[in-house]
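Atom set for the values below is all heavy atoms of this structure, side chains included, hydrogens, waters and symmetry mates excluded.
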Amino acid sequence: MNIDLTIVWAFIIAFAVFAYVVMDGFDLGIGIIFPALGRGAERDKAMNTVAPVWDGNETWLVLGGGGLLAAFPLAYAIILPAIYPPIIAMLLGLVLRGVAFEGRWRDPNHQPFWDFSFTAGSFVAAFAQGVTLGALLQGVEVEGRAYAGGWLDWLSLYSVLTGVGTVIGYGLLGSTWLIMKTEGVVQDHAFRMSWKLFPATLLALGAVSLYTPFLEGEYWNRWFTFPSVLFSAQVPVLVALITFLLYRALKLRRDYAPFLLTLALFLLGMIGLGISMFPYVVPDEITIWDAATHPSSQMFMLVGTLFIVPLIIGYTAWAYWVFRGKVGDEGYH
């Protein structure tokens with residue numbers, strides 16, 4: 001049986017991106033909703049929910065970026081110059097929030113400054129990730145085998161919309177994470193925030209979904225022409241189902257279901273992205289097969305990946321298992 005290694009590597013990178021959203025989305029969301037939390041004990045408890053695991057989440061971001069460079073070097077060479085500003089902003093935001101996370105505990109005399117830095121870094125990183133996604137979906141100008149656009153081609157109404165939507169969605173992930181990990185006053189506050197962020201997330205998701213098919217003729221065909229519509233129509237149906245279940249979970253004040261259902265919304269969003277783009281890695285320009293490295297290189301890298309990825313999943317699962325359950329008042333610092 002012949003296995004298309006290009007598709008395997010496309011799946012690995014897509015998995016790494018989604019794993020990053022799962023692992024770091026709620027972490028960034030905590031920072032985004034941080035100003036709405038009460039100073040002192042409430043913010044301390046919120047940060048303690050992610051303290052044991054936050055610094056390992058970017059592993060998946062590195063795997064996704066490194067995998068793109070190694071498996072699809074042409075795509076890497078075209079995409080990165082097109083999105084340098086938001087990528088640089090994202091990295092700076094991640095660095096700022098990382099320093100602020102530790103500085104908040106080590107330097108309590110300047111806690112307001114570190115709180116602001118934590119929020120600013122989280123917001124910038126989340127917004128930049130959304131803008132990057134929007135810039136990729138709206139298309140990249142290519143001549144030959146190189147990026148031919150300008151320094152600010154990534155900036156558009158659509159990319160700003162996807163950036164804002166990502167910030168709101170991560171905020172919902174953060175609030176539902178607090179529902180799952182806390183009790184009492186903090187959990188009550190998290191429920192109130194979730195009731196506000198839930199409709200805002202649906203509004204942002206709907207706006208992006210309605211805008212996307214008008215970006216490229218191929219996107220429209222994937223979503224609205226027969227027979228593709230028979231498959232793609234399942235996504236909005238599932239979104240409606242998850243929306244109802246999430247509404248019910250929040251109304252019944254479930255502990256775990258709101259977070260898991262919010263992750264399901266993100267998964268459906270990523271599936272929608274795949275429906276729109278596949279098999280292009282640069283929309284309407286470069287397919288995954290055009291951008292792929294030689295099969296022998298793909299196989300060589302796959303051997304190491306099949307060892308490393310299960311190891312990463314294993315130690316990540318172990319860390320979350322060890323620190324399972326509700327967070328108390330004692331914290332980890």
Side-chain angles (χ1 to χ4, degrees), residues 20-58 61 85-133 159-182 185-201 203-204 258-259 262 266 327 331-333:
Y20 173 76
V21 171
V22 171
M23 301 297 176
D24 213 32
F26 65 84
D27 190 358
L28 290 168
I30 295 295
I32 290 167
I33 65 175
F34 210 60
L37 299 172
R39 292 183 178 179
E42 192 168 342
R43 292 186 180 182
D44 291 346
K45 184 172 288 189
M47 294 195 78
N48 280 327
T49 65
V50 296
V53 295
W54 75 273
D55 50 356
N57 296 333
E58 280 75 22
L61 188 63
I87 289 294
I88 292 171
M90 179 191 72
L91 295 176
L92 291 176
L94 291 175
V95 170
L96 178 60
R97 68 186 296 275
V99 173
F101 195 103
E102 295 299 332
R104 187 177 188 276
W105 300 104
R106 312 300 178 191
D107 182 25
N109 292 330
H110 298 90
Q111 197 170 85
F113 169 76
W114 295 121
D115 285 355
F116 172 80
S117 299
F118 181 61
T119 297
S122 300
F123 181 90
V124 169
F127 182 73
Q129 288 174 19
V131 167
T132 298
L133 173 63
S159 65
V160 171
L161 179 61
T162 55
V164 172
T166 301
V167 170
I168 296 172
Y170 279 177
L172 180 61
L173 270 178
S175 63
T176 53
W177 169 263
L178 290 182
I179 289 173
M180 185 172 67
K181 295 294 290 183
T182 62
V185 175
V186 179
Q187 188 186 57
D188 291 339
H189 196 172
F191 270 112
R192 292 194 298 271
M193 287 188 290
S194 294
W195 276 116
K196 296 177 182 179
L197 291 166
F198 176 35
T201 299
L203 182 62
F259 178 70
T262 302
F266 273 85
V327 171
Y332 301 110
H333 287 80

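Here the closest heavy-atom approach between residue Gln187 and residue Thr182 is recorded as NE2-O, 3.2 Å. The minimum heavy-atom distance between Ile179 and Ala190, with the atom names listed, is CG1-CB, 3.7 Å. Ser175 and Leu197 get closest at one heavy-atom pair: OG-CD1, 3.9 Å.
To the nearest 0.5 Å, atoms CG (Leu178) and CG (Leu37) are separated by 6.5 Å. With values rounded to the nearest 0.5 angstrom, Thr119 atom OG1 is found 6.5 Å from Arg43 atom CZ. The structure places NZ of Lys196 at 15.0 Å from CZ of Phe191, a figure rounded to the nearest 0.5 Å. A distance of 7.5 Å separates CZ in Phe266 from CG in Leu172, rounded to the nearest 0.5 Å. Once rounded to the nearest 0.5 Å, the distance linking NE2 of His189 with OG of Ser194 reads 10.0 Å. For the atom pair OG1 (Thr176) and CE (Met193), the distance works out to 10.0 Å, reported to the nearest 0.5 Å.
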Open item on the list: Before you tell me yes or no, could you show the steps for Val50 and Trp177 under side chain to side chain contact (heavy atoms under 4.5 Å, CB included), namely the whole-Å CA-CA distance, both residues' side-chain angles and the distance that decides it to 0.1 Å?
Closed with: CA-CA 9 Å; Val50 296; Trp177 169 263; 3.6 Å; yes
TODO: Decide side chain to side chain contact (heavy atoms under 4.5 Å, CB included) for Thr132 and Met90; before the verdict, give the C-alpha distance in whole Å, the side-chain angles of both, and the deciding distance to 0.1 Å.
DONE: CA-CA 9 Å; Thr132 298; Met90 179 191 72; 5.9 Å; no
Task: Test side chain to side chain contact (heavy atoms under 4.5 Å, CB included) applied to Ile168 and Val164, step by step - done: CA-CA 6 Å; Ile168 296 172; Val164 172; 3.9 Å; yes
Task: Residues Val186, Thr49; criterion side chain to side chain contact (heavy atoms under 4.5 Å, CB included); working and verdict - done: CA-CA 11 Å; Val186 179; Thr49 65; over 6 Å; no
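Side-chain contact between Phe116 and Pro112 is absent, with no heavy-atom pair separated by less than 4.5 Å. In this structure, Thr262 and Phe26 have side chains that are not in contact, with every pair of non-hydrogen atoms separated by 4.5 Å or more. Under the 4.5 Å side-chain criterion, counting only non-hydrogen atoms from C-beta, Leu61 is in contact with Leu94. Contact check for Asp27 versus Asp24: side-chain heavy atoms found under the 4.5 Å cut-off. No side-chain heavy atom of Phe259 sits under 4.5 Å from any side-chain heavy atom of Lys181.
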Taking only distance into account, with no hydrogens and no angle test, what donor-acceptor pairs under 3.5 Å do side-chain atoms of residues 120-130 form with protein atoms, sequence neighbours excluded?
residue : atom : partner : partner atom : Å
Ser122  : OG   : Arg97   : NE           : 3.2
Ser122  : OG   : Phe118  : O            : 2.8
Gln129  : OE1  : Tyr170  : OH           : 2.8
Gln129  : NE2  : Tyr20   : OH           : 2.7

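Between the side chain of His110 and the main chain of Gly103, no donor-acceptor pair closer than 3.5 Å is present.
In this structure Asp44 satisfies the salt bridge (charged side-chain N to carboxylate O under 4.0 Å, His left out) test together with Arg104, sequence neighbours excluded.
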